[in-house]
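Remarks on the structure that follows.
First the proteins, then the strands, lettered A, B, ... as listed; each starts at 1.
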2 protein chains.
Amino acid sequence: MVTIKEVARLAGVSVATVSRVINETGYVHEDTRRKVEAAVQTLNYTPNEVARSLYKKKSRLIGLLLPDIANPYFPQLARGVEDIMQENDFRLIFGNSDENRSKELEYMQTFVQNNVVGVISSTMDAEADAYQKLKMPVVFLDRTSNDSPAVYADGREGGRLAAQALVRCGSRSITIMRGPEHIRPAQDRFEGAAQFLAESGVLYETLQTNSFSFHEAEYWAAELFNRFPETDGVVASNDIVAMAVLQEAHRLGRKVPDDLQIVGFDDIPLSRLLSPSLSTVHQPAYEMGRAAGNLLIQLIEQQEPPERNIQMPVQFIERDTTRKVREHG
Amino acid sequence: MVTIKEVARLAGVSVATVSRVINETGYVHEDTRRKVEAAVQTLNYTPNEVARSLYKKKSRLIGLLLPDIANPYFPQLARGVEDIMQENDFRLIFGNSDENRSKELEYMQTFVQNNVVGVISSTMDAEADAYQKLKMPVVFLDRTSNDSPAVYADGREGGRLAAQALVRCGSRSITIMRGPEHIRPAQDRFEGAAQFLAESGVLYETLQTNSFSFHEAEYWAAELFNRFPETDGVVASNDIVAMAVLQEAHRLGRKVPDDLQIVGFDDIPLSRLLSPSLSTVHQPAYEMGRAAGNLLIQLIEQQEPPERNIQMPVQFIERDTTRKVREHG
DNA sequence: TTGTAGGCGTTATCAA
DNA sequence: TTGATAACGCCTACAA
C-alpha cells in the first residue's frame, strides 16, 4: 500500500504538507499543491482509513443491525440506509441479530472496537445497557422508543386501517393475527386493529403467532382455518403470513375476496405481483431506511435534527384480496 | 474507551504483558495472568481493533459487494455469507453495487482503505483491474470466473431442466425470457434452455429483457403476451419475472398450467407461497453464500482449499405452474 | 508557507 | 518471565 511518506518523498515535501493538501486544511502554496496532487496521482495514493481512524478516534463506519436480512421486509430498510450512507461516504458494518440478545451484544461490541461513529439498530431491547452506555449516537429503526432517536411506522394506525378496510367491505367475523410479543410494532398493529373492531362492535378473534418466519407462516395459516373456520376477514401480521393465508384459502376452496378478505402488512414489493394481488398496509420501508440514515448523520455531525422521533405514515393499499365498495352509491 | 495501558496500570504490569495474556502468546506466569484477567474483567476491556489493524495491516473485516440487496434473491446469499463470517469472528462491510462500475470501484477502494482481509463480490467484471491487482483474496459469488475463486450455480443445467420440464409436460411453443447480457449466469440459463429445445426440435422464441428489477418485470410480462400470444410455455429469467407473467396470464384469462406453463428460476422463498405455487429451478442461495464464505476464509488462512471453483447443483422443483405427468403410465 | 515531532492503541522485538 | 520501545500510517500543534 502506498503511504503518505512515499507521496511526500516523490513530491519533495514533508508528510505534513501532503496531509494538508489531501485534507484541504491549512495553507499550501499553489505550486506545492500541484506537485503533491501530481504525486498522489502517479502513485495512486489513497489515505489509510485505519490510521486515520486510530488518530481521530472516529471512523467513517456505521453499524447496522437488523433481525434477519432474509426476511423480505428488511432488505428495503437496509437498502434505504445504505443509499444514504453511500451518498455521504459512510460505510456499513452489517449484521443479523436474529432477535438474539447475545448476538446483538457481540455486534455492538465489535462496532465499538472498530470505532464506528454511529449505529442503526432494530433491536429487541432499546433500553439495554449496550445502547444506553454508548458514547455514539444510535437510531432505532422499525422499533419505537420513548426517548431515543427512532424511525418507525405508525403501527396503530396501520392496524386500524386494516380492520377498517375489512369492516367497510363487509367482513363480520374477523381474525386478527397477532405478531410476536417482544416486537413492539407488531403489538401496535394488533392494538390498532382490536380497538377499531371493539369500537365498531364487530366480532373478532385473535390468533397469537410467535414469529414472522417463512416456514411458520404456513403453519399459522393452517391453524387459522382450524381454529376459526367461520372467519370471513383476516388481518395478517405481515405480507408473508397473508400470502400463506391466501394460499391456504385457495387450497380449501374459499373464494378470495368473495368469501374471505385478507389484508397484509408491509407492502413488500412482491405483494402486488400476486394473483389476486394483496391488499395491504403500506409501510414506507425504503424511506424509513433513508430517514434513519439521515437522522443518524445529523446526530453524528451534532446538528440538532428537527425531529429525533420520526413516525412514518402508513397507507392502506386496496388491491384484490378485499372487495370493492362504492362509497355513497 | 478503556485501553491496554489502563489495564496494565491496574494489574501492575506492563502493556507488553497484558498484550501477551490477551493474545495468548509468549510466556506469562500463572499469577500475573490472573491479575491481568481480573483487571480486564473489572475494566471491561476489549482491544481496539483499529489499532490492531494498523499494526498488523490486517483487520477482521471482509468486504461484501452485491448488486442489490432489495432484490429477493440476494438476501439469502448475504445471509449465508454473514452466518459463516459471524461464526468465524469476521465482520462484513456491505455495499450494493447496482451493477454500476464506478460504485463498485468506490467500494473496492474503501475496502482496501479499511484493511479488509478479503472480499466476496458478485461483480459484473471479474477481470477488472480492481480485482486483479488486489493483494487479498477475492471470491466471486453468483458469477462465473475461469481462474479466480468463485461460487455459482449451474446455470446451463438449470436452463436445461426448465425447458425439459416444459417439454415433458406438453408445451410446444415456448418462449425463453433471456436475462441481462452482462450477467453471465443469466446467459448460461438461456443457453441451456435454448440448446435443449433446439436438440428436441421444439419451437421457441426469445424475449430479451435487460433487467431483473421489479418494476420492469410487469412490463416484460405484458410484452411477452403481446409479442408471442401463442406461447404455451415460458422459461422466465427468474422468479420475479415468473410471478409477473403468472399475474398477467391471470389477467388475460389464460389458465395456468392448463393453457400455459411457467417455470421460474431461483426458488426464492416466496415462490412456494403463491397460488398456484411456482414451479421453478432451485438455486441453493443460502448454501452458496456459506460456501463462498468458507472458501474465502480458507484462502485468507492460506489453507489450500479443496476446490477454488465451486459449481453448485440446481434442481427442478415441480409445483403448480406446470402440469403433472405420469411417466410410463 | 512549510517541516518536525509526538501521539492515537496495539503488537513484537530485544534485552534484562 | 517480564518490561521498554519501535513501528504501523496518519494528523496536528508548534516551531521555523
Specify the residue among B/Val13 and B/Lys56 whose closest nucleotide of DNA chain D lies further upstream toward the 5′ end.
-> B/Val13

Atom-pair distance (CZ on A/Arg20; P on D/dA13), nearest Å = 11 Å

Please give, in whole Å, the distance from D/dT2 P to B/Arg34 CZ?
-> 12 Å

Starting from P on D/dC10, measure out to CD on A/Glu24 and report it in whole angstrom.
-> 17 Å

Nearest-neighbour nucleotide for the A/Leu54 side chain, D/dC10, C/dG9, D/dT12 considered | C/dG9

Distance, rounded to the nearest Å, where B/Asn114 contributes CG and D/dC10 contributes C1' = 14 Å

Using only side-chain N and O atoms of A/Asn48, determine if any of them is under 4.0 Å from OP1 or OP2 of D/dC8.
-> no

What integer distance in Å separates A/Asp31:CG from C/dT2:C1'?
-> 14 Å

Determine the sole option in A/Pro306, A/Pro149, A/Pro137 for which the side chain to side chain contact (heavy atoms under 4.5 Å, CB included) test with A/Leu295 is passed.
-> A/Pro149

Which is true for A/Ser19 with a 4.0 Å heavy-atom rule: it touches a base, it touches only sugar-phosphate, or it touches nothing?
-> base

In A/Leu296, A/Ile93, A/Val81, A/Ile84, the residue satisfying side chain to side chain contact (heavy atoms under 4.5 Å, CB included) with A/Ile62 is A/Leu296

Hey, is A/Asp31 close enough to A/Lys35 for a salt bridge, meaning N to O under 4.0 Å?
-> no

Rounded to the nearest angstrom, tell me the gap between atom OH in A/Tyr45 and atom P in D/dG9.
-> 10 Å

Are any of A/Ser14's side-chain N or O atoms less than 4.0 Å away from OP1 or OP2 of C/dG3?
-> yes

Between C/dT2, D/dT2, C/dT10, spot the one nearest the side chain of B/Arg52, thanks.
-> C/dT10

Sugar-phosphate only, base, or nothing, as touched by B/Thr32 at under 4.0 Å among non-hydrogen atoms | sugar-phosphate

Options D/dG9, C/dT11, C/dT4, nucleotide nearest the side-chain atoms of B/Ile22 = C/dT11

side-chain N/O A/Lys57 vs C/dG9 OP1/OP2, d < 4.0 Å | yes

Is NZ or CZ of B/Arg91 both nearer than 6.0 Å to the six-membered ring centre of A/Phe111 and within 45° of the ring axis?
-> no

Between A/Arg34 and A/Glu37, does at least one N-O distance fall below 4.0 Å, as a salt bridge requires?
-> no

Could you state the atom-to-atom distance from NE2 of A/His29 to P of C/dG3 in whole Å?
-> 13 Å

Integer-rounded Å distance: D/dT2 P and B/Arg33 CZ = 10 Å

